[in-house]
Amino acid sequence: MSPLKKIGAFTAALTAAFAAAYGVGSAVAPVDGGSRREAAHASMADGDGHAEQGSDAAHTPGGLQVSESGYTLDLGTASLPAGTRTTLRFVVRDAEGAPVTAYRTEHGKQLHLIVASRELTAYRHLHPTRAADGTWSTPVELPGAGGYRVFADFTPAAAREGLTLGSDLAVTGSYAAHALPAPANTATVDGYTVRLDGTLTPGRESDLTFSVFRAGRPVTTLQPYLGAYGHLVALRSGDLAYLHVHPHEEAEGTGISGPEVAFAATAPSPGTYRLFLDFRVGDRVHTAAFTATATGHGH
């Protein structure tokens, strides 16, 4: 495919993503395939779901930049077909352009990969494998066409602090717009009902507690997952800023607990956010999604 055709194809997929974000039309429209390498740009970020960032990044959320502190997310797979299980590949490069091959383990993994649609209605939390040359890869199947954002959450062995880098991904196929679900304090997934207590406050850490029920009864058999009884990712609607979230208590050993899982989260601004809670029961991970609104002023 010629460079001009590649640019045109990616533009089609990106246009579909913008149409979804603004709710323009509900008809199904074609999205053409294409590829693009996102240009690196420097920007500081303040937080992610696994490691706190430095003080120089105190005002910009994570995940909005492809490069930070000398590290760049090089997404080798710029587009994927919708509804097809395929392989996503990428490399994290240092300031010299060399692949990073040494990482610290954070929450049981060297790197956490989040893939979310721009509409925040599709979400995947993945743990890719790394080859000796530094290339990360993971199988993934994404449900619908449109614009997606890929977040790599990691701490290089040579760095003092964790990073969350983001890059755009086009998913090709027949596109249909999906509205962001209305805010609610309950969500149902795989026969479980999860209740959210607490609210996001802009500029201030807020307590969020999730309680898991099944058939109306509290679930007290939650299993540790990534070092806690639950894992929470929060994304801001619009730009998909990646919020700093951490659990109140770490899980120990292979014990069980529940029904509550508590976190502290900081919303950088007023607005609408999408919360994705991963919890583990019966050796299976379930994901409950919530829409939440941050209002008022923190201090």
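Only a predicted model underlies this, so the values are computations on that prediction, with no experimental measurement involved.
Taking all atoms of both residues into account, the shortest heavy-atom contact from G282 to Q223 is N-OE1, 3.2 Å. Residue D239 comes nearest to A241 through the heavy atom pair OD1-N, 3.1 Å, listed as atom of the first residue, atom of the second, then distance. In plain terms, the two heavy atoms of G144 and V171 that are nearest each other are O-CG1, 3.3 Å. The shortest non-hydrogen separation linking R104 to P156 is NE-O, 3.9 Å. Here the shortest heavy-atom pairing between S79 and L169 reads N-CD1, 3.8 Å. Contact between V91 and P99 at its shortest, heavy atoms only, is CG1-CB, 3.7 Å.
The side-chain heavy atoms of S206 and T199, taken from C-beta on, include no pair separated by under 4.5 Å. Two residues are said to be in side-chain contact when any heavy atoms from C-beta on lie closer than 4.5 Å; D94 and Y71 meet this criterion. The closest side-chain heavy-atom distance from Y103 to T155 is not below 4.5 Å. With a 4.5 Å cut-off on side-chain heavy atoms, L208 and L232 count as touching. For the pair V212/P218, no side-chain contact is recorded, criterion being any heavy-atom separation below 4.5 Å from C-beta on. Between L243 and L235, the closest side-chain pair of non-hydrogen atoms is not below 4.5 Å. In this structure the side chain of I114 never reaches within 4.5 angstrom of the side chain of V150, judged on heavy atoms. For the pair Y123/V233, a side-chain contact is recorded, criterion being any heavy-atom separation below 4.5 Å from C-beta on.
Residues satisfying the side-chain contact (heavy atoms from CB on, under 4.5 Å) test with V261, not counting sequence neighbours, are L222, Y229, F263. For D207, there are no salt bridge (charged side-chain N to carboxylate O under 4.0 Å, His left out) partners, not counting sequence neighbours. Legend: residues meeting salt bridge (charged side-chain N to carboxylate O under 4.0 Å, His left out) with R130, ordered by chain and number and at least two apart, are absent. In terms of the salt bridge (charged side-chain N to carboxylate O under 4.0 Å, His left out) criterion, residue partners of R280 (sequence neighbours excluded) are, by chain and number, D283. Taking the side-chain contact (heavy atoms from CB on, under 4.5 Å) definition, one finds that P128 meets it with F90, L111, L113, W136, T138, sequence neighbours left out. Listed by chain and residue number, nothing satisfies the salt bridge (charged side-chain N to carboxylate O under 4.0 Å, His left out) test with R160 (two or more places apart in sequence, or in another chain). T135 is linked by a side chain to side chain donor-acceptor pair (under 3.5 Å) to D133, counting only residues two or more places apart in sequence or in another chain.
Under a hydrophobic-cluster definition in which Ile, Leu, Val, Met, Phe, Trp and Tyr are linked whenever side-chain heavy atoms come within less than 4.5 Å, directly or via other members, V189 and F213 are assigned to different clusters. There is a path of hydrophobic side-chain contacts, each under 4.5 Å, that joins L240 to L180.
Counting only distance, with no hydrogens or angles, the side chain of S117 and the backbone of T121 share a donor-acceptor pair below 3.5 Å. A donor-acceptor distance shorter than 3.5 angstrom exists from the side chain of R124 to the backbone of E141, with no hydrogens or angles considered. For the pair E106 (side chain) and F154 (backbone), a donor-acceptor distance under 3.5 Å is absent. Put simply, the side chain of E205 never gets that close to the backbone of A265: no donor and acceptor are under 3.5 Å apart. Formation of a donor-acceptor pair under 3.5 Å by the Q65 side chain with backbone atoms of T164 is found in this model. Under a 3.5 Å cut-off, the side chain of R149 and the backbone N or O of G63 do form a donor-acceptor pair.
Under the ring pair (Phe, Tyr, Trp, His ring centres under 6.0 Å) test applied with H127, the options H112, H107, H231 reduce to a single match, H112.
Between the OH atom of Y148 and the CG atom of L80 there is a distance of 9.5 Å, given to the nearest 0.5 Å. Separation of atoms CG (L126) and CG (L88) is listed at 8.0 Å; rounding is to 0.5 Å. Atom-to-atom distance recorded for D197:CG and F210:CZ is 9.5 Å, nearest 0.5 angstrom. Separating the OG1 atom in T129 from the NZ atom in K109 is a distance of 10.5 Å, to the nearest 0.5 Å.
Annotation: salt bridge (charged side-chain N to carboxylate O under 4.0 Å, His left out) contacts involving residues 172-192, sequence neighbours excluded, comprise D190-R284. Listed by first then second residue, pairs satisfying salt bridge (charged side-chain N to carboxylate O under 4.0 Å, His left out) with a partner in residues 76-90 number zero, not counting sequence neighbours.
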For residues 271-279, tabulate all N or O donor-acceptor pairs below 3.5 Å that involve a side-chain atom, not counting sequence neighbours.
unit_1 : atom_1 : unit_2 : atom_2 : d
Y273   : OH     : S269   : N      : 3.3
Y273   : OH     : S269   : O      : 2.6
Y273   : OH     : S269   : OG     : 3.3
R274   : NE     : L120   : O      : 3.2
R274   : NH1    : T291   : OG1    : 2.7
D278   : OD1    : T287   : OG1    : 2.6
D278   : OD2    : H125   : ND1    : 2.9

